K.L.:
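Take a look at the following structure, please.
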Amino acid sequence: MEELLERLLEECRPAAKEGRVADYIPELAKGDPKALGLYIIGSEGKRSWAGDCRQTFTIQSIVKPILLLQALLDNGVEFVMRRVGVEATGKPFDAINSGDQSLDSGNINPMVNMGAIVMCSLIHGRSYDERFQRLLGLTRRLAGDQEIDVDEAVYRSEKSHGSKNRALAYLLKSHGLLDDDVEEVLDCYFRACSIQVDCRALAHIGAVLSNRGRLPVSNERIFPGAMSRYVNAILMTCGMYDGSGEFALRVGVPAKSGVGGGIMAVVPTRMGIGIFGPALDRKGNSVAGIKLLERLSGELHLSIF
């Protein structure tokens, strides 16, 4: 497996030249556009890796399925579905959903920024600091790494350059979809996006989702299997921003990308995959990372279709 991964990685690395590192958050602009790494954890715990898989980066939007899981664990499926929809928007992840009709929960899903901001408000806790600590605890457990923490420099950069997300949050507030203080909710969201991970951590999260809520090797249950099905279905239709349909054709597995360059992919019952490649396409997805996943899917017949 390692030989295959090394070959595919070197074949796909040149594709990074077609993308560019995110720069709307200044700290993200420091990423190396040539970096590319891959880590795989199979359903029985077998691990394989290649390239820059131990380089750390911030989780960014890949925290969204974790936010969704925490909201589901705290409130149940029916309550969450009343607060945020499941349909793909067909718009960029940070689009302002405005128009003649009143904004309602059906207009957003948990994998776009507006939906994720609502998810932060659904986490239980006496304060937003407590809510974030609970989310961080779930992230550490899913990733199999108790040392995972926030990249403070990225958090400060996110917070000081978060005007678009503030606009989204106040729009939610104006339509009655956000009850709490906007700045408190956003602080939780900015911290969540600034959690620092590597490819191994993403692969471990993907492995739990592929194993219907159970940890690899120990088989300890973290969340009910029905929630895994719920999250994976939304990842399949909405996880790769407004490129999710093309990704379904090219790769064919549930996945979530982030503008930090990460991709977390789930191959149900088989494996979790973590990829890092910070050079992004215009939709915010890793250029070389998608190409690598496409090649890997073809070689190992991973597509669920």
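Remember, predicted model here, so these are calculated numbers, not experimental data.
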K.L.:
Quick one: does any side-chain atom of S48 pair with a main-chain N or O of M1 as donor and acceptor, under 3.5 Å?
P.N.:
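Side chain of S48 to backbone of M1, a donor-acceptor pair under 3.5 Å: no, none is there.
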K.L.:
Looking only at heavy atoms, what is the nearest atom pair of L178 and A169, with distance?
P.N.:
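The pair with the smallest heavy-atom distance is CD2-O, 3.7 Å.
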K.L.:
Between I108 and L235, is there a shared hydrophobic cluster once you connect ILVMFWY residues whose side-chain heavy atoms come closer than 4.5 Å?
P.N.:
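Same cluster.
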K.L.:
Without swapping roles, check the side chain of R250 against the backbone of G245 for a donor-acceptor pair under 3.5 Å.
P.N.:
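Not a single qualifying donor-acceptor pair exists.
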K.L.:
So, are R131 and D187 salt-bridged, with charged N and O less than 4.0 Å apart?
P.N.:
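Judged by the 4.0 Å cut-off on N to carboxylate O distance, R131 and D187 do not form a salt bridge.
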K.L.:
So, taking the atom named CG in L186 and the one named CZ in R166, what distance separates them when rounded to the nearest 0.5 Å?
P.N.:
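The distance works out to 6.0 Å.
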K.L.:
Just how far is it from atom SG of C12 to atom CD1 of I290, taken to the nearest 0.5 Å?
P.N.:
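So the gap between those two atoms works out to 11.5 Å.
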K.L.:
Does some side-chain heavy atom of K64 sit less than 4.5 Å from a side-chain heavy atom of M119?
P.N.:
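No, side chains not in contact.
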K.L.:
Are W49 and L296 connected into the same hydrophobic cluster when the rule is that any two of I, L, V, M, F, W, Y join if their side-chain heavy atoms are below 4.5 Å apart?
P.N.:
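L296 does not cluster with W49.
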K.L.:
Should the pair K256 and Y241 be classed as cation-pi, given the thresholds of under 6.0 Å to the six-membered ring centre and 45° from the axis?
P.N.:
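Relative to the ring axis of Y241, which defines the angle, K256 lies inside both limits.
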K.L.:
Taking side chain as C-beta onward, heavy atoms only, is V267 less than 4.5 Å from S210?
P.N.:
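Answer no - side chains too far apart.
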K.L.:
Could you pull out the closest heavy-atom pair between L177 and R83, with the gap in Å?
P.N.:
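Scanning both residues, the minimum pair turns out to be O-NH2, 3.3 Å.
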K.L.:
Can you hop from V217 to I222 via hydrophobic side chains spaced under 4.5 Å?
P.N.:
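Each belongs to a different hydrophobic cluster.
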K.L.:
Count the heavy atoms belonging to other residues, nucleotides or ligands that lie under 6.0 Å from CZ of R282, then report whether that count exceeds 12.
P.N.:
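Atom CZ in R282 is not packed in, count stays at 12 or less.
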K.L.:
Before accepting this row, confirm whether a basic side-chain N of the pair D23/R20 lies closer than 4.0 Å to the acidic partner's carboxylate O.
P.N.:
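Judged by the 4.0 Å cut-off on N to carboxylate O distance, D23 and R20 do form a salt bridge.
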K.L.:
Give the minimum heavy-atom separation between H204 and G144, together with the two atoms involved.
P.N.:
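H204 and G144 have their closest heavy atoms at ND1-N, 3.6 Å.
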K.L.:
More than 12 heavy atoms of other residues, nucleotides or ligands under 6.0 Å from CD of E299: is that the case?
P.N.:
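Yes, because the 6.0 Å sphere around CD of E299 holds more than 12 heavy atoms from other groups.
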K.L.:
Roughly how far, to the nearest 0.5 Å, is OG of S157 from NZ of K30?
P.N.:
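Result: 8.0 Å between the selected atoms.
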K.L.:
Would you say that I273 contacts M271 through its side chain, given a criterion of any heavy-atom pair below 4.5 Å between the two side chains?
P.N.:
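Touching, per the 4.5 Å side-chain cut-off.
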K.L.:
Would you kindly say whether N113 and K164 are connected by a side-chain donor-acceptor distance under 3.5 Å?
P.N.:
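Side chains of N113 and K164: no pair found under 3.5 Å.
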K.L.:
Sort out for me which residue in R200, K34, R13 forms a salt bridge (Lys or Arg N to Asp or Glu O under 4.0 Å) with D52.
P.N.:
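So the option named by the test is R13.
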K.L.:
For the residue pair V197 and T58, establish whether any side-chain heavy-atom pair is separated by less than 4.5 Å.
P.N.:
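Sidechains of T58 and V197: no contact.
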K.L.:
Is the shortest side-chain heavy-atom distance between L72 and V77 below 4.5 Å?
P.N.:
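In contact.
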K.L.:
Check V63 against A192 and note the closest heavy-atom contact, atom names and distance.
P.N.:
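What the structure gives for the nearest pair is CG2-O, 3.7 Å.
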K.L.:
How about V112 and C238: do any of their side-chain heavy atoms sit closer than 4.5 Å?
P.N.:
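No, too far: nothing below the 4.5 Å cut-off.
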K.L.:
Verify, without hydrogens or angle tests, whether S228 (side chain) and P224 (backbone) share a donor-acceptor contact under 3.5 angstrom.
P.N.:
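Side chain of S228 to backbone of P224, a donor-acceptor pair under 3.5 Å: no, none is there.
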K.L.:
Minimum heavy-atom separation for L280 and G261, please, with both atom names.
P.N.:
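In terms of heavy atoms, the two residues are closest at CD2-CA, 4.1 Å.
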K.L.:
Does E44 CD have over 12 foreign heavy atoms under 6.0 Å away?
P.N.:
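It does not: E44 CD has 12 such atoms or fewer within range.
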K.L.:
Does H301 reach the main-chain N or O of S297 with its side chain, forming a donor-acceptor pair under 3.5 Å?
P.N.:
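Checking the backbone N and O of S297 against the side chain of H301, no donor-acceptor pair under 3.5 Å is found.
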K.L.:
Tell me, with the steps shown, if N285 and S257 meet side-chain hydrogen bond (donor to acceptor under 3.5 Å, both in side chains).
P.N.:
CA-CA 6 Å; N285 297 319; S257 60; 2.5 Å; yes
K.L.:
Can M236 be reached from L69 by stepping across I, L, V, M, F, W or Y side chains whose heavy atoms are under 4.5 Å apart?
P.N.:
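Different clusters.
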K.L.:
Check step by step if ring pair (Phe, Tyr, Trp, His ring centres under 6.0 Å) holds for F276 and F57.
P.N.:
CA-CA 8 Å; F276 173 57; F57 52 94; 4.4 Å; yes
K.L.:
Does E152 come within less than 4.0 Å of K159, counting only side-chain N to carboxylate O?
P.N.:
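Not counted as a salt bridge, because no side-chain N and carboxylate O are separated by less than 4.0 Å.
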K.L.:
Any Lys/Arg nitrogen of R134 or D74 sitting under 4.0 Å from an Asp/Glu carboxylate oxygen of the other?
P.N.:
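Result for this pair is yes, salt bridge flagged.
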K.L.:
Can L202 be reached from L292 by stepping across I, L, V, M, F, W or Y side chains whose heavy atoms are under 4.5 Å apart?
P.N.:
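No, L292 does not connect to L202 through the hydrophobic network.
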K.L.:
Quick one: do the Y128 and D181 side chains pair a donor with an acceptor below 3.5 Å?
P.N.:
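There is no such pair between these side chains.
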K.L.:
Looking only at heavy atoms, which two atoms of A35 and Q55 are closest? And how far apart?
P.N.:
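Heavy-atom minimum between the residues: CB-OE1, 3.9 Å.
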K.L.:
Out of curiosity, R214 CZ to L209 CG, how far, rounded to the nearest 0.5 Å?
P.N.:
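Nearest 0.5 Å value for the CZ-CG distance: 14.0 Å.
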K.L.:
Taking C-beta and beyond as the side chain, do T237 and M111 meet within less than 4.5 Å on heavy atoms?
P.N.:
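With C-beta onward as the side chain, the pair stays apart.
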K.L.:
From E10 CD over to L5 CG, what is the distance, rounded to the nearest 0.5 angstrom?
P.N.:
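Spacing of CD (E10) from CG (L5) equals 11.5 Å.
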K.L.:
Quick one: do D198 and Y39 satisfy side-chain hydrogen bond (donor to acceptor under 3.5 Å, both in side chains)? Show the steps, please.
P.N.:
CA-CA 9 Å; D198 59 15; Y39 202 105; over 6 Å; no
K.L.:
Sequence neighbours left out, what pairs pass side-chain hydrogen bond (donor to acceptor under 3.5 Å, both in side chains) with at least one residue falling in residues 135-147?
P.N.:
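Output for this query lists R141-E220.
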K.L.:
Do I148 and Q196 have side chains that approach each other closer than 4.5 Å (heavy atoms only, starting at C-beta)?
P.N.:
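They are not in side-chain contact.
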K.L.:
Quick one: NZ on K173 to CD1 on I117, what's the gap to the nearest 0.5 Å?
P.N.:
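Between atom NZ of K173 and atom CD1 of I117 there are 13.0 Å.
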K.L.:
With a 4.0 Å cut-off on N to O distance, would you call R7 and E3 a salt bridge?
P.N.:
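So R7 does not pair with E3 through a salt bridge.
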